[in-house]
Every structure is written in C-alpha cells, then in structure tokens.
Amino acid sequence: MLKIIKTNKNSLVKSLYRYISVTSIDRQGVEVTQFKEKYDAVKIPEKKLAKEPLVKNFFVAKVDHELMAYPEAFFDTNVLNHATARKEMYQNYLKNEIFSNPGDGKNIYKLCNYGSFNCDAMLTTDQFYTYSEAESNNLTYNYFLSTHRIVGETILNEKNESLMSKYLPKMSRGELIGTICLSEKVPPIKENRPFNTFARETDNDTWIINGEKSHVLINDLGSTLFLVVASIESTDRDGDFLEKPALFLIDGTAHGVSIENTHTTVGLNEKGFQAVSLKFNNVEIPKENFISENLRSSINILNQMRLNIGLLAVNGIMKPIINKLTDFCINTRIQNIHFKDVDTIKERIGQLSASCYALESMIYLTAGLKDIYQDQDIDVECAIVKLFTVQTLTQFISAPAFTVGPLTTIIDEGYEKYIRDAIQLIGTEEPIETLRQFIGLSGMSHAGKEFNELVKKKRNILDHPFFFFNRLKHEISIEDPKLKLELWHYLHPSLRPAANYLEASVYRLRASIEILLGRYGTQIFNHPSEIASVADIAMMCYAIFASSSRASRSYCVGIRNGDQEMFLSNAFGYDLSLRVKELARNIDRGEYGTSMHTYKFVGEKLLENKKYHFEHPTTRNF
C-alpha cells in the first residue's frame with residue numbers, strides 16, 4: 001500500500017511497503033502470517049493543475065492532445081516494480097489463505113493481519129492495480145473490501161482530525177468495517193428530495209435520522225460503520241429552503257439501527273456475507289459524525305464506486321470468461337474440426353477481447369486523470385465507465401451460450417457464477433437509464449455555454465437571415481464530416497484509422513448536440529430518448545479515445561503484443577464509429593423519421609392496459 005505523507009509544498013513522500021512475514025497467534029487463537037513493513041521513501045511532484053474536462057469537451061468537438069499519450073500515474077519504473085511485487089505477494093496470499101476456503105469465518109482476521117483493511121491514502125491507480133486486481137478472483141470479497149476503502153477514503157478527504165483518530169485506526173485493524181448505504185427500494189416520494197432517508201438537526205448539536213436503505217452488504221463478523229447518504233434541509237444563496245444530500249457516519253451498534261430484512265441476491269452471495277435492508281428509527285448522530293453537505297463529496301463516492309464496478313467486471317468476470325472460452329475452444333473438436341479453427345468463434349472471442357480491452361483502458365485512464373490532476377472533473381468519465389461496463393456485461397452473459405451451448409447451464413462448469421455476478425453488477429446502485437440521462441445532460445449543459453448564441457440564431461432564423469446562408473458553408477456533415485483536428489499526429493502512425501474514426505465520431509457528437517438544441521432549446525429535458533442516444537455516442541467516443549491512446553503507448557514503449565493492440569484498436573474504432581454514425585443519423589431524422597414514435601405509442605398503450613395485450617396468433621374473430 002502507498003502511504004501519502006505531505007512533506008512540503010513541492011513534494012510528496014510515498015512510503016512503499018516491503019513486507020517481512022512473521023508467524024503469530026491472532027486474537028481468535030489461530031496461527032496466521034503477519035506482515036511487518038519497512039519503508040523506502042520516493043519523492044514525486046505534487047498533482048498538476050486540473051485540465052478542462054476531457055469527455056465534456058467532446059460535446060463541442062475539442063480533444064485534448066496531451067492526454068492522447070495515455071497519462072501514467074506510476075511515474076517511475078521503480079514504483080511500478082514495487083507495486084507489482086506487492087500485487088504478486090498479495091495474490092499468492094489470497095489464493096492460498098483466503099480463496100481456497102472463501103466461506104471460512106476466520107478469513108476476516110487473516111485479511112486484517114495482512115493489512116487489507118488499511119485506510120491509508122493511496123493513488124487510485126495503485127489501489128486498483130495492487131489490491132483490487134488481486135482480489136478479483138472473488139467478487140464478494142472484492143466488493144466488500146473496496147467499499148470499506150471508499151468509506152476510509154471519504155473520512156480522509158474531509159480532513160476531520162476527530163473522525164480520523166476515532167475511526168481510521170479501528171477500520172485499519174478490521175474492528176470496524178465500513179460499508180455504504182446509498183440505495184433505497186422506493187424512489188423519493190417528496191418532490192425535489194434526493195433521498196427518502198431524512199436527517200434533521202436538533203437543538204442540542206445532534207442529528208436525528210429516519211428512513212430505510214436497501215442492498216447494504218455486511219459481514220457476519222465485527223462491527224459495521226455505515227456511511228449513509230441522506231437528505232437534509234438547507235438554504236441556497238438567496239436564502240430559499242431546499243433539500244440536498246449529506247453524508248453521515250453511523251455506528252452499527254447505535255440505538256435505532258436495525259436490520260429490516262435480508263435479501264437473497266443473484267450474485268455476490270459468498271457465505272459469511274449478506275445484503276440487507278437497514279432501518280434507521282430516530283437514530284441520534286453526534287454532530288462530528290456529520291461529514292459533509294457538499295454535493296461534491298457524494299459525487300466523489302459515486303465516481304469511486306462506478307470505477308470499482310468496472311474493475312470488478314474486467315478482472316472478475318470478463319477476463320475469466322474469455323480464458324474459459326479459449327480453453328474450451330482449444331480442447332474441443334467436432335469430428336475432425338477444432339473449435340479454435342472456426343472463424344465465427346475466433347471472431348466472437350476477438351470481439352469480447354476488444355470490449356474488455358476498451359473498458360480496462362477507460363478505467364485506468366480515468367484513474368490516471370484523478371491521480372495526476374488536482375480536482376479534475378471526471379464525473380462524466382466515471383459514469384461512462386459504469387455504462388460501458390453494463391452494456392459489455394450483457395454481451396458477456398450470452399457469450400458462453402453461443403460457444404459452449406448447453407454446458408453453460410451446468411453449475412459445475414463454472415459459468416453460472418460469472419453470469420450471476422454479472423447480473424448483480426448490472427443492477428448495482430443506480431438504474432442505467434438514470435446514468436445515461438446524467439451523461440447526456442452533463443455534456444449538453446457544458447456545450448450549451450458555447451452554443452448559446454448559435455442556438456438563439458438557429459431558433460430565430462427570420463431575425464438572422466444571413467446566419468442561415470453562412471451556416472450552410474460551415475454545417476458539420478453527419479455523413480462525411482471534414483476532419484480538421486488531425487488527431488493522428490498524436491498517435492503512432494499505424495493508428496491513423498482509429499484517430500480518424502475518433503475525430504469523425506466527435507464531430508458527429510457535436511452535430512447531434514447542435515441539432516437537438518436547435519430543435520428543442522431548453523425543452524430538451526423532456527426528450528430523454530434523444531439524450532440517451534447522445535450519451536451512447538459520448539460513451540463510444542471515450543472508448544475509442546482510451547483504447548487507441550493505450551495501444552499507441554503500448555507499441556511505442558515496446559509492450560508485448562503491442563502490435564495486436566493496434567490492430568484491435570483500429571477494428572474496434574471502426575465498429576463503434578459505424579454505431580455512432582447510425583445514432584447521429586437517427587437524431588437528425590427526429591422522432592417521426594425513425595421508429596421511435598411508434599414504439600413510444602405502443603409502449604404507452606401497454607402501460608394503459610397494464611399488461612401485454614396482443615392476442616394469441618391462433619385467435620379468430622368469427
């Protein structure tokens with residue numbers, strides 16, 4: 001683990017663990033291996049000033065050339081070597097001591113002795129690389145430990161000395177295990193209230209919280225520290241009352257906290273862990289346990305959870321499925337034909353690999369932006385990672401059925417757990433349509449600042465007759481946009497096709513925004529279907545950007561199989577650019593120029609009838 005210690009304004013000192021193993025007896029009387037640390041200080045520069053948001057600028061056809069070099073948080077080969085050594089040691093320890101018997105109740109104590117619960121400040125890239133990837137062989141443990149670290153990171157970020165001294169030592173020893181209470185079964189009942197769970201301040205410097213949270217993952221051992229997101233009353237700049245989200249720390253032993261019921265989940269259901277609904281009934285919270293009413297704190301938690309889910313999917317589901325399918329195809333034949341020699345199977349595995357490669361590229365690019373730049377705006381990037389994760393997981397769920405066939409349904413074959421865990425991740429924390437609306441509206445809001453005058457003229461063409469004729473010359477073509485950014489200059493020459501696909505897609509995204517804002521103006525909020533299409537285009541632009549940037553870096557520094565990465569990025573960019581083109585065409589045609597209006601009409605009638613109302617194909621009318 002990397003400890004970040006501020007030494008002065010110009011440098012940070014990161015202490016790199018070198019472990020020394022010592023056999024001892026823990027508090028349960030079990031012989032375990034403990035790991036003592038010795039430190040090597042390595043000086044690195046402070047974070048750089050924040051750059052303009054990467055993906056939001058795609059909406060106005062701007063691309064940051066500097067980031068096409070794929071920024072690296074591991075600033076030095078020595079640091080990377082240390083991180084790799086720690087990762088390998090941790091993987092071996094988990095394999096031999098934890099995952100060999102995942103249902104063992106003593107595993108929590110073993111993880112405590114290793115230091116898995118430590119809440120020291122870390123680079124996100126290092127946390128993902130050293131810990132999350134090693135833990136990915138068991139998604140339940142991975143999700144459980146990553147949420148614990150997010151709680152610890154939230155306490156660290158608030159820089160409250162009282163809370164840090166009160167909770168972090170216990171959390172690092174595993175005496176308190178942090179978990180996040182975010183989801184609720186019922187959508188907010190009151191208008192403009194972000195969550196049904198509500199906290200009010202009392203006269204004696206305490207808070208009283210009431211409500212219920214669902215899908216909270218807890219373990220059977222140790223006390224739990226809940227990080228609860230609840231609504232509070234506040235005032236805006238004009239003094240008007242409003243309700244906003246706030247963060248509270250609540251000890252699981254506090255009076256009024258109870259488990260309402262236990263959920264049987266599809267995935268992430270390892271023995272010793274359970275998903276529950278928590279009820280807070282007039283729970284009194286000390287004033288110091290009120291962490292923040294800053295919306296940024298809540299968004300930071302969401303961002304970290306979205307990146308974690310992407311990493312869980314890549315290392316715990318996608319790569320294992322690809323490896324299992326590869327092994328099956330190599331060792332299976334029908335008559336004299338090897339599965340590995342069938343073109344359709346090779347193509348399918350290649351497509352799965354491309355999706356996995358793009359997602360992993362986006363995760364580490366986003367983590368690098370967070371680590372390298374101070375207070376970098378990565379809200380849309382994190383949301384895109386989650387959206388792309390969900391869409392890719394749906395592809396992976398069906399992949400074994402195409403290749404393996406009926407064996408997919410046999411539990412002993414091992415596919416069933418991956419499918420269950422994939423479904424669990426797809427439904428975790430937030431509805432996907434909400435995510436798409438957030439991405440689309442965030443980008444359009446950013447673009448609206450630049451397009452304000454353009455949209456006014458476009459919507460009042462009679463007042464600006466010369467604007468119409470000038471616009472004809474400069475209108476961005478969706479079918480064949482002119483490429484002026486010359487992005488291929490910033491990648492390896494072999495990636496020129498991918499660079500051109502990216503540039504064309506970015507221009508089509510901008511053209512789509514101009515069309516929608518010109519068509520609907522401020523009423524765009526009432527057209528979620530078009531907003532969702534814009535979100536999908538932005539997602540694909542980021543996927544092309546991340547995968548081509550990573551491939552260029554890999555080949556230029558001589559990474560093994562770097563040449564294949566370039567082929568893969570060019571092909572992947574081609575496929576996504578075609579999808580972007582089709583989405584942009586549909587946006588240009590509008591609701592009545594596509595099938596969208598018909599589907600909306602039929603869906604409305606089905607909702608009115610409260611069921612599928614079409615007659616059976618053998619029904620007669622006489």
Side-chain angles (χ1 to χ4, degrees), residues 88 91 95 99 133 136-139 267 310-363 388-423 425-426 492 494-495 497-498 501 543-544 546-548 550-552 554-555 558-579:
E88 291 174 354
Q91 280 178 325
K95 179 180 178 181
F99 297 155
E133 285 196 14
S136 62
N137 286 332
N138 188 298
L139 285 191
L311 199 69
L312 285 171
V314 166
N315 294 296
I317 297 175
M318 296 180 188
K319 288 182 181 179
I321 285 180
I322 291 173
N323 292 340
K324 280 185 71 71
L325 291 178
T326 302
D327 182 69
F328 174 83
C329 293
I330 290 172
N331 296 298
T332 305
R333 65 168 64 213
I334 297 178
Q335 295 179 357
N336 294 323
I337 301 175
H338 255 116
F339 266 44
K340 67 181 180 66
D341 296 326
V342 178
D343 287 345
T344 54
I345 289 177
K346 288 188 283 188
E347 182 183 353
R348 184 172 299 280
I349 291 177
Q351 289 171 342
L352 294 175
S353 301
S355 298
C356 182
Y357 179 86
L359 177 56
E360 188 176 43
S361 303
M362 287 191 284
I363 291 168
F388 193 85
T389 298
V390 169
Q391 294 192 5
T392 306
L393 281 176
T394 57
Q395 177 188 4
F396 272 79
I397 287 173
S398 61
F402 282 97
T403 307
V404 180
L407 292 178
T408 308
T409 62
I410 299 175
I411 293 178
D412 291 341
E413 291 294 323
Y415 292 101
E416 181 245 8
K417 179 168 176 53
Y418 294 131
I419 293 172
R420 284 178 174 273
D421 286 341
I423 295 172
L425 288 184
I426 288 172
H492 188 276
S494 300
L495 284 163
Y501 298 141
I544 300 171
S547 56
S548 57
R550 175 186 171 187
S552 180
S554 296
Y555 190 79
I559 301 297
R560 184 175 57 180
N561 299 323
D563 57 335
Q564 294 179 39
E565 291 187 36
M566 291 203 296
F567 295 144
L568 195 68
S569 295
N570 282 329
F572 187 68
Y574 172 75
D575 287 344
L576 291 194
S577 67
L578 292 181
R579 290 168 58 187

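Not counting sequence neighbours, the partners of E416 by the salt bridge (Lys or Arg N to Asp or Glu O under 4.0 Å) test are R420. R550 is linked by a side chain to side chain contact (heavy atoms under 4.5 Å, CB included) to Y70, Y357, E360, S361, S554, E565, counting only residues two or more places apart in sequence or in another chain. F567 meets the side chain to side chain contact (heavy atoms under 4.5 Å, CB included) test with no other residue; sequence neighbours excluded. N137 is linked by a side chain to side chain contact (heavy atoms under 4.5 Å, CB included) to F99, counting only residues two or more places apart in sequence or in another chain. Annotation: ring pair (Phe, Tyr, Trp, His ring centres under 6.0 Å) contacts of Y418 (sequence neighbours excluded): none. Under the rule for a ring pair (Phe, Tyr, Trp, His ring centres under 6.0 Å), the partners of Y555 that lie at least two apart in sequence or sit in another chain are H492. In terms of the side chain to side chain contact (heavy atoms under 4.5 Å, CB included) criterion, K95 has no residue partners (sequence neighbours excluded). For K340, there are no side chain to side chain donor-acceptor pair (under 3.5 Å) partners at least two apart in sequence or on another chain. Not counting sequence neighbours, N336 has no partner by the side chain to side chain donor-acceptor pair (under 3.5 Å) test.
For residues 313-346, the pairs satisfying ring pair (Phe, Tyr, Trp, His ring centres under 6.0 Å) are F328-F339, with sequence neighbours left out. Legend: salt bridge (charged side-chain N to carboxylate O under 4.0 Å, His left out) pairs involving residues 342-351, not counting sequence neighbours, sorted by first then second residue: D343-K346.
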Show me the donor-acceptor pairs within less than 3.5 Å that the side chains of residues 396-408 make with the rest of the protein, sequence neighbours left out.
from: S398; atom 1: OG; to: Q395; atom 2: O; distance (Å): 3.2
from: T408; atom 1: OG1; to: P400; atom 2: O; distance (Å): 3.3
from: T408; atom 1: OG1; to: G405; atom 2: O; distance (Å): 2.9

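No donor-acceptor distance shorter than 3.5 angstrom exists from the side chain of S547 to the backbone of S569, with no hydrogens or angles considered. A donor-acceptor pair under 3.5 Å is formed between the side chain of N323 and the backbone N or O of K319.
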